[in-house]
Amino acid sequence: MTVYFIGAGPGDPELITVKGQRLIRQCPVIIYAGSLVPAAVLEGHRAATLINSAELHLEQIISAIRTAHAKGQDVARVHSGDPSLYGAIGEQIRCLRELGIDYQIIPGVTATAASAALLGCELTLPGVAQTVILTRYGDRSPMPAGEQLADLARHGSTLAIHLGVKHLPRIVAELLPHYGPDCPIAVIHRASWPDQDWVQGTLQDIVERASAKDFRRTALILVGHVLGDAPFSDSALYRAGHAHLYRPGN
């Protein structure tokens, strides 16, 4: 018996891995995050037991897994996006290890990747940014030492900020000293869902632009000069005259 932590992707039911879809369709027990995973992701399943974890606390989730374990039934534990990023699987894994229950993590497409696709941009451009920092805004749950937004902003890298849209004015205030008022920023709401929406601007005007959209949750904030028209060099990989393993020099 195995518990499969499956990344369902950002919302579009076609943005799930073949392996994740196969496991959902063959596991006799499915525990899914109903508030974030669209019903279409579960289409074709033959599970006898279907449980919406949005209504449960951790102990109830583990209890359901223990019941499945006693029956020798594999469990598809379906999370949104990629389960290793803000998926709250760490505490579940800790419990499974204590109980001696096997598990596997099946990666999924992240909201960051879906947002970049929606904006039609690359998040790592030569000479502009070669680092992407995925973080969240610390409000009720504080960030660890050294991971405050201002600490991360000093790098000038591309930032993907989760769980912060309600605090956009505060986020902008913390970023301005490091990125400058002309730095591009985008707020993407429910990327890849049928009702996806977004707004783009600069740190100088994004608060006003975003207020008209009234995004309250399930939104990602992308910040960085890669989102604008900053000049950048061609990558070395496809540059004529650049030799590598598959294109050796003469």
Trainee: Any heavy-atom pair between the side chains of Ser157 and Val132 that's under 4.5 Å?
Mentor: no

Trainee: Does Asp195 CG have over 12 foreign heavy atoms under 6.0 Å away?
Mentor: yes

Trainee: Which residue pairs pass the ring-ring contact (aromatic ring centres under 6.0 Å, His included) test with at least one member in residues 49-74, sequence neighbours excluded?
Mentor: none

Trainee: Working to the nearest 0.5 angstrom, can you tell me the gap between Leu159 CG and Ile171 CD1?
Mentor: 10.0 Å

Trainee: Write down the atom of Ala47, the atom of Cys27, and the distance for their closest heavy-atom approach.
Mentor: CB-O, 3.5 Å

Trainee: Under the side chain to side chain donor-acceptor pair (under 3.5 Å) rule, what pairs show up with a residue in residues 203-215, not counting sequence neighbours?
Mentor: Asp197-Lys213, Thr202-Asp205, Asp205-Arg209, Asp214-Arg216

Trainee: Is there a chain of hydrophobic side chains (I, L, V, M, F, W, Y, each step under 4.5 Å between heavy atoms) that links Leu220 to Val207?
Mentor: no

Trainee: Under 3.5 Å, which donor-acceptor pairs do the side chains of residues 12-21 form with other protein atoms, sequence neighbours left out?
Mentor:
from	atom 1	to	atom 2	distance (Å)
Asp12	OD1	Glu14	N	2.9
Thr17	OG1	Gly20	N	2.9

Trainee: Say you draw a straight line from CG of Leu123 to OG1 of Thr131; how long is it, rounded to the nearest 0.5 Å?
Mentor: 11.5 Å

Trainee: Measuring from atom CD1 of Ile161 to atom CG of Leu149, what distance do you get when rounded to the nearest 0.5 angstrom?
Mentor: 5.0 Å

Trainee: Can you list everything that forms a salt bridge (charged side-chain N to carboxylate O under 4.0 Å, His left out) with Arg136? Sequence neighbours excluded, please.
Mentor: none

Trainee: Following the transitive rule for hydrophobic clusters with a side-chain heavy-atom cut-off under 4.5 Å over Ile, Leu, Val, Met, Phe, Trp and Tyr, establish whether Val187 and Ile133 coincide in one cluster.
Mentor: yes

Trainee: Can you pull out every side chain to side chain donor-acceptor pair (under 3.5 Å) where at least one residue sits in residues 32-54? Sequence neighbours excluded, please.
Mentor: Ser53-Arg77

Trainee: Which atoms form the tightest heavy-atom contact between Glu174 and Pro177, and what is the distance?
Mentor: O-CD, 3.5 Å

Trainee: Under the side chain to side chain donor-acceptor pair (under 3.5 Å) rule, collect the residues that match up with Asp151, sequence neighbours excluded.
Mentor: Arg154

Trainee: Taking it one step at a time, do Thr124 and Val226 satisfy side-chain contact (heavy atoms from CB on, under 4.5 Å)?
Mentor: CA-CA 7 Å; Thr124 53; Val226 295; over 6 Å; no

Trainee: Calculate, to the nearest 0.5 Å, the distance between atoms CG and CD1 belonging to Leu163 and Ile221 respectively.
Mentor: 9.5 Å

Trainee: I need the Gln60 CD to Glu55 CD distance, nearest 0.5 Å.
Mentor: 9.5 Å

Trainee: When clusters are formed from ILVMFWY side-chain contacts under 4.5 Å, directly or step by step, what else is grouped with Met143?
Mentor: none

Trainee: Cluster partners of Val3, using ILVMFWY side-chain heavy atoms under 4.5 angstrom, listed by chain and number?
Mentor: Met1, Phe5, Val29, Ile31, Ile51, Leu56, Leu58, Ile61, Ile62, Ile65, Val75, Ile89, Ile93, Leu96, Leu99, Ile101, Tyr103, Ile105

Trainee: Using the ring-ring contact (aromatic ring centres under 6.0 Å, His included) rule, collect all pairs that involve residues 147-168, keeping only residues at least two apart or in two chains.
Mentor: Tyr86-His162, Tyr137-His167

Trainee: Excluding sequence neighbours, so at least two apart, what forms side chain to side chain contact (heavy atoms under 4.5 Å, CB included) with Ala210?
Mentor: Leu168, Val199

Trainee: Tell me, which pairs form a side chain to side chain donor-acceptor pair (under 3.5 Å) where one or both residues lie in residues 179-189, sequence neighbours left out?
Mentor: none

Trainee: Please answer: with hydrophobic residues joined when any side-chain heavy atoms are less than 4.5 Å apart, are Phe215 and Leu222 in the same cluster?
Mentor: no

Trainee: Do Val109 and Ile106 share a hydrophobic cluster, counting only Ile, Leu, Val, Met, Phe, Trp and Tyr and linking them when any side-chain heavy atoms are less than 4.5 Å apart?
Mentor: no

Trainee: Could you tell me which non-hydrogen atom of Gln73 sits nearest to which non-hydrogen atom of Pro28, and how far apart they are?
Mentor: CB-CG, 3.6 Å

Trainee: What residues form a salt bridge (charged side-chain N to carboxylate O under 4.0 Å, His left out) with Arg170, not counting sequence neighbours?
Mentor: Asp139

Trainee: Quick one: closest heavy-atom pair of Gly108 and Asp82, and the distance?
Mentor: N-OD2, 3.0 Å

Trainee: Quick one: are Thr112 and Leu85 in side-chain contact, heavy atoms under 4.5 Å?
Mentor: no

Trainee: Write down the atom of Pro126, the atom of Ser233, and the distance for their closest heavy-atom approach.
Mentor: CG-O, 3.4 Å

Trainee: Just verifying a value: how many Å separate Asp74 CG and Leu23 CG, rounded to the nearest 0.5 Å?
Mentor: 8.0 Å

Trainee: Taking all heavy atoms of Ser80 and all of Val37, pick out the closest pair and write down the distance.
Mentor: N-CG2, 3.8 Å

Trainee: Grouping I, L, V, M, F, W and Y whenever their side-chain heavy atoms are under 4.5 Å apart, do Ile185 and Val128 come out in a common cluster?
Mentor: no

Trainee: Closer than 3.5 angstrom, by distance alone: can the side chain of Trp198 be matched with the main-chain N or O of Ala219 as a donor-acceptor pair?
Mentor: no

